[in-house]
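Comments concern the structure below.
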Amino acid sequence: MSQELYTQLAQAVIDGDEKVAMSLTKEALTRGLNPLEIIKEGLTSGMEVVGEKFSRGEYFLPHLVMAGNTMKASLTWLEPALKTSGMVRETLGTVVMGTVAGDIHEIGKSLVGTMLAANGFVVHDLGVDVPTSKFIETVRETGANLVGLSALLTTTMSVQRTVIEELTEAGLRDQVKVMVGGAPVSPQWAQQIGADGYAEDAAGAVTLARRLVGADG
Ligand code: HCB
């Protein structure tokens, strides 16, 4: 039953049909389905197909825009549910989160930020196309102990390394753990650039963040 709904939701993302996606999202929530599962099995799996179609030259930029807007519209319904899902009362740490310079992909970064906030982290979301100096400045100002860097393009992955290098140059590297993520990023890449960890999705980012700040003992 729920699988059929997820398939329809994925199709709505593929079609870039915001209206259908929002109505299916509301239905899924009414049925009591897990918001993270709705995102993973419905919205994200639709996005994967959109990405594949774009790679094959079947879809063009407007399709990416429409799919992105469709996912964002559904997330406006899912985020309140995600925010209450963690129900953590204590503060585990302060995170500076953003998509690196040159990259405007927003959705995954925002989802990770929402999940971290729901799970006890104070999140400073700097947005997208964030200048490297802004990460450094914000870590210094907030005394953050964690930085989350998102990159969706092979051409912007290297900026994650630049941010880490500049944190070191600014004398802040010992104060913060750095986690990286985004479609082209891998655990090997994280290791190669001297990041402290890689997370595949928002739930994984919460597990990793808790581990990095020593919340799990
Ligand atoms: Co975009 N785009 N795009 N895009 N895009 C991708 C990323 C491609 C893979 C599509 C493809 O070719 N198959 C491709 C990149 C190829 C590459 O470099 N390897 C691509 C391209 C090429 C481009 C443009 C260059 C296209 C052009 O202009 N010709 C252009 C780039 C502009 C720029 O940034 N300078 C572009 C633009 C766009 C938009 C703006 C139209 C739109 C984004 C809308 C928005 O964000 N508001 C868009 C979209 C939607 C996509 C796809 C289809 C989906 C991305 C997405 O939102 N996924 C994507 C294909 C794909 O990724 N399969 C395609 C859903 C979220 C939930 O997943 O992976 O972002 P996520 O985040 C996860 C996960 O990675 C992890 O947790 C998140 C939550 O689960 N995570 C972290 C992410 N960040 C983390 C940080 C951490 O610390 C920890 C975990």
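One is the number of the first residue; the rest follow in order along the sequence. Counting starts at 1 for both ligands and their atoms, following the listed order. The structure displayed is predicted, hence computed values, not measured ones.
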Heavy atom of the protein closest to atom 61 (C) of ligand 1 (residue, atom name, distance): M47 O, 4.5 Å
Side-chain ion pair, R210 and D216, N-O less than 4.0 Å: yes
Side-chain H-bond candidate by donor/acceptor type, E37 with Y6, under 3.5 Å: yes
Those atoms of ligand 1 less than 4.0 Å from some heavy atom in L149: 86 (C), 87 (C), 88 (O)
Heavy atom of protein closer than 4.0 angstrom to atom 59 (C) of ligand 1: no
Main-chain N/O of K26 paired to T30 side chain as donor or acceptor, under 3.5 Å: yes
Flag: protein heavy atom within less than 4.0 Å of atom 52 (C) of ligand 1: no
Identity of the nearest option to atom 34 (O) of ligand 1, non-hydrogen atoms only, from L152, I104, V50, V185: I104
Carboxylate-amine/guanidinium contact E18 K72, below 4.0 Å: no
Ligand-residue contact atoms, ligand 1 with L61, heavy atoms, under 4.0 Å: 26 (C), 27 (C), 28 (O)
Atoms in ligand 1 with a heavy atom of A183 nearer than 4.0 Å: 62 (O), 69 (O), 75 (O)
salt_bridge(E137, R140) N-O dist < 4.0 Å: no
Numbered atoms of ligand 1 (with element) below 4.0 Å of G148, judged on heavy atoms: 88 (O)
Common cluster, L111/L9, ILVMFWY with side-chain heavy-atom separation under 4.5 Å: yes
Under-4.0 Å heavy-atom contact between protein and atom 86 (C) of ligand 1: yes
Shortest protein heavy-atom distance from atom 1 (Co) of ligand 1, along with the residue and atom involved: H105 NE2, 2.2 Å
Ligand 1 contact on L208 by region, counting heavy-atom pairs under 4.0 Å: neither
Shortest reach to atom 75 (O) of ligand 1 by a heavy atom, considering only P184, G182, G108: G182
Enumerated ligand 1 atoms positioned under 4.0 Å from heavy atoms of V65: 41 (C)
Numbering as shown, the atoms of ligand 1 that approach G51 to under 4.0 Å (heavy-atom distance): 11 (C), 13 (N), 60 (C)
Donor-acceptor under 3.5 Å (D196 side chain, V178 main chain): yes
K40 near ligand 1 by a heavy-atom separation under 4.0 Å: no
Side chain to side chain, Q11 and T7, heavy atoms closer than 4.5 Å: no
Close approach of G102 to ligand 1, heavy atoms, under 4.0 angstrom: yes
Nearest protein heavy atom with distance in Å, relative to atom 74 (C) of ligand 1: E200 O, 3.1 Å
Residue selection (non-hydrogen contact nearest atom 67 (C) of ligand 1) among E106, M71, M115, K72: M71
Interfacing atoms of ligand 1 (cut-off 4.0 Å, heavy-atom, V112): 77 (O), 78 (C), 81 (N), 82 (C), 90 (C)
Options F54, Y198, F60, Y59, ranked by nearest heavy atom to atom 29 (N) of ligand 1, top entry: F54
Chi angles and distances behind the side-chain hydrogen bond (donor to acceptor under 3.5 Å, both in side chains) call for T132, E166: CA-CA 8 Å; T132 297; E166 298 214 1; 5.6 Å; no
D103 (side chain) donor-acceptor with T99 (main chain) under 3.5 angstrom: no
Structural part of I107 in contact with ligand 1, heavy atom criterion under 4.0 angstrom: both
Backbone N/O of I14 and side chain of Y59: donor-acceptor pair under 3.5 Å: yes
L212-I164 co-clustered via ILVMFWY side chain contacts under 4.5 Å: no
Nitrogen or oxygen of A202 less than 3.5 angstrom from that of ligand 1: yes
Test of proximity, T154 against ligand 1: N or O pairs below 3.5 Å: yes
Electrostatic pair D201-K40, nearest N-O below 4.0 angstrom: no
Heavy-atom closest pair, residues P35 and L82: CB-CD2, 3.9 Å
Protein non-hydrogen atom found under 4.0 Å from atom 24 (C) of ligand 1: no
